[in-house]
Amino acid sequence: MKVRTIAVNTFKETIRDRILYSLLVFAIIMIGLSYFLAELSLGDFERVVINFGLSCVHIFGVLISVFIGITLVSKEVEKRTIYAIVSKPVSRIEFLMGKFFGLSITLLVTNIAMTVGLLLTAYVQSGNMNTTILFVSGMIYLELMLLTAVAILFSSFTTPTLSAIFTLSVFFIGHLSPGLKYFGEKSKSMVAKYFSLGLYYILPNLENFNFKNTAVYGVSIKGVSLVFIFFYFLSYLALILLISNWLFSRRDFK
């Protein structure tokens with residue numbers, strides 16, 4: 001009940017954020033522009049629209065999750081409302097979970113809005129309703145939830161600026177995970193090898209959620225892979241939230 005109350009309040013707070021509307025409107029405009037971009041390109045117009053549109057859904061979703069996620073805790077500290085919250089019978093894990101689920105709901109709403117915009121743009125351009133876009137957008141949403149948890153993790157013990165830098169670093173490195181593993185295995189330097197492999201195994205492999213080729217080129221999806229990805233998502237999400245709670249519980253607000 002307490003988690004739900006905090007989640008609802010967080011959703012109401014974030015849905016009124018000017019940054020959210022600015023990013024969302026700009027994202028939908030960019031998705032709409034993919035129609036004209038396709039007309040100026042050579043080749044399969046539908047693929048251009050879908051590829052560019054999904055990239056917009058992904059990038060703007062990341063910006064929303066990071067730049068709003070890093071302020072969820074810091075705003076409470078700056079406004080000193082955190083003192084009133086921790087003095088009430090609300091555990092810190094309930095506070096963090098409420099913040100996480102509240103922003104997750106906001107991300108779901110924005111993700112749906114951008115996806116609908118992309119579906120309509122692709123339909124107007126090609127006359128086909130590519131429902132695979134829904135699946136790819138769902139995988140993007142799972143990645144955004146992980147990034148939200150990472151943003152909350154860093155914001156639980158450091159400043160918003162550093163939280164943004166660290167979270168974006170996790171995003172970029174997470175999509176370079178396959179390359180890090182390859183570099184680590186082939187590197188002759190022991191320092192470079194263990195450093196690369198350490199990053200590969202410690203940070204989330206966000207390429208697991210990258211299914212853009214499924215919608216763009218019709219690449220088949222294996223059921224076993226989906227089971228692994230969902231298990232990987234739940235395990236990593238639980239781990240990040242547990243670490244966040246441990247760090248946040250050690251923070252002194254007196």
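If you read the sequence from its start, that first residue is 1, and numbering goes on from there. Hydrogens, waters and symmetry mates play no part in the numbers below; they use all other heavy atoms, side chains included. Remember, it's a predicted structure, so these values are computed and weren't measured experimentally.
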TODO: Measure across Ser244 and Ala149 and return the closest heavy-atom pair with its distance rounded to 0.1 Å.
DONE: OG-O, 4.1 Å

Open item on the list: Tell me the closest heavy-atom pair linking Ile50 and Ala122, and the distance in Å.
Closed with: CG1-CB, 4.4 Å

Task: Close side-chain approach of Phe171 to Leu206, heavy-atom, < 4.5 Å - done: yes

Open item on the list: Side-chain heavy atoms nearer than 4.5 Å, only ILVMFWY residues, links allowed to pass through others: does that put Phe231 and Leu242 together?
Closed with: no

Task: Leu144-Leu63 co-clustered via ILVMFWY side chain contacts under 4.5 Å - done: yes

Task: Pair His58-Met139, side chain to side chain contact (heavy atoms under 4.5 Å, CB included): steps then yes or no - done: CA-CA 10 Å; His58 190 194; Met139 291 294 104; over 6 Å; no

Task: Rounded distance (nearest 0.5 Å) linking atom OG of Ser196 with atom OH of Tyr201 - done: 11.5 Å

TODO: Evaluate the criterion ring pair (Phe, Tyr, Trp, His ring centres under 6.0 Å) for residue pair Phe135 and Phe211; output intermediate values, then yes/no.
DONE: CA-CA 8 Å; Phe135 167 76; Phe211 282 86; 5.2 Å; yes

Task: side chain to side chain contact (heavy atoms under 4.5 Å, CB included) assessment of Glu94 paired with Arg4 - done: CA-CA 9 Å; Glu94 289 175 329; Arg4 185 177 66 180; over 6 Å; no

Task: Value rounded to 0.5 Å, distance of CD in Glu207 from OG in Ser177 - done: 8.0 Å

- [ ] Would you give the length of the straight line joining atom NZ of Lys99 to atom CD1 of Ile68, rounded to the nearest 0.5 angstrom?
- [x] 12.0 Å

Task: Residues, nucleotides or ligands: over 12 heavy atoms within 6.0 Å of Phe195 CZ - done: no

- [ ] Ignoring hydrogens and angles, tell me if any N or O in the side chain of Ser137 forms a donor-acceptor pair with the backbone of Ile133 under 3.5 Å.
- [x] no

Open item on the list: Using 0.5 Å steps for rounding, measure from the OG1 atom of Thr71 to the CG atom of Leu103.
Closed with: 8.5 Å

Task: Leu176-Tyr232 co-clustered via ILVMFWY side chain contacts under 4.5 Å - done: no

- [ ] Search all heavy atoms of Met145 against all heavy atoms of Ser104 and return the closest pair with its distance.
- [x] CE-OG, 4.0 Å

TODO: Answer with yes or no whether the hydrophobic clustering places Tyr123 together with Leu119; edges join I, L, V, M, F, W, Y residues whose side-chain heavy atoms lie under 4.5 Å apart.
DONE: yes

Task: Smallest separation among heavy atoms of Ile152 and Gly69, with atom names - done: CG1-O, 4.3 Å

Task: Identified side-chain contact (heavy atoms from CB on, under 4.5 Å) partner of Ile64 from the options Leu147, Ile59, Thr110 - done: Thr110

TODO: Would you name the heavy atoms of Ala164 and Ile70 that are closest together and state the gap between them?
DONE: CB-CD1, 3.7 Å

TODO: Answer whether the closest heavy-atom distance between the side chains of Phe100 and Thr10 falls below 4.5 Å.
DONE: no

- [ ] Using atom types as modelled and distance alone, determine if a side-chain donor or acceptor of Asn245 lies under 3.5 Å from a backbone N or O of Ile93.
- [x] yes

- [ ] Check the pair Ser163 / Ser155 against side chain to side chain donor-acceptor pair (under 3.5 Å), numbers first and verdict last.
- [x] CA-CA 6 Å; Ser163 297; Ser155 65; 5.2 Å; no

- [ ] Determine whether Leu146 and Leu142 make a side-chain contact, defined as any pair of heavy atoms from C-beta on separated by less than 4.5 Å.
- [x] no

Task: Rounded distance [0.5 Å steps], CG in Leu162 versus OG1 in Thr167 - done: 10.0 Å

- [ ] Apply side-chain contact (heavy atoms from CB on, under 4.5 Å) to Phe101 and list each qualifying residue two or more places apart in sequence or on a separate chain.
- [x] Val3, Ala7, Met97

TODO: Kindly compute the distance separating SG (Cys56) from CD1 (Ile29), expressed to the nearest 0.5 Å.
DONE: 11.0 Å

- [ ] Mark yes or no for whether Ser156, through its side chain, and Leu153, through its backbone, hold a donor-acceptor pair below 3.5 Å.
- [x] yes

Open item on the list: The test is side chain to side chain contact (heavy atoms under 4.5 Å, CB included); show your working for Thr161 and Ile165 and say whether it passes.
Closed with: CA-CA 6 Å; Thr161 302; Ile165 294 173; 4.3 Å; yes

Open item on the list: Tell me if the aromatic rings of Phe209 and Tyr141 count as close, with their centers under 6.0 Å from one another.
Closed with: no

- [ ] Please check if Ile112 and Ile15 belong to a single hydrophobic cluster, counting links between Ile, Leu, Val, Met, Phe, Trp and Tyr side chain heavy atoms closer than 4.5 Å.
- [x] yes

Task: Exam field: side chain Asn208 to backbone Asn205, donor-acceptor pair closer than 3.5 Å - done: yes

- [ ] Could you tell me whether the side chain of Asn111 and the main chain of Leu107 form a donor-acceptor pair under 3.5 Å?
- [x] no

TODO: List the atom of Leu118, the atom of Val49, and the distance in Å for their closest heavy-atom pair.
DONE: CD1-O, 3.7 Å

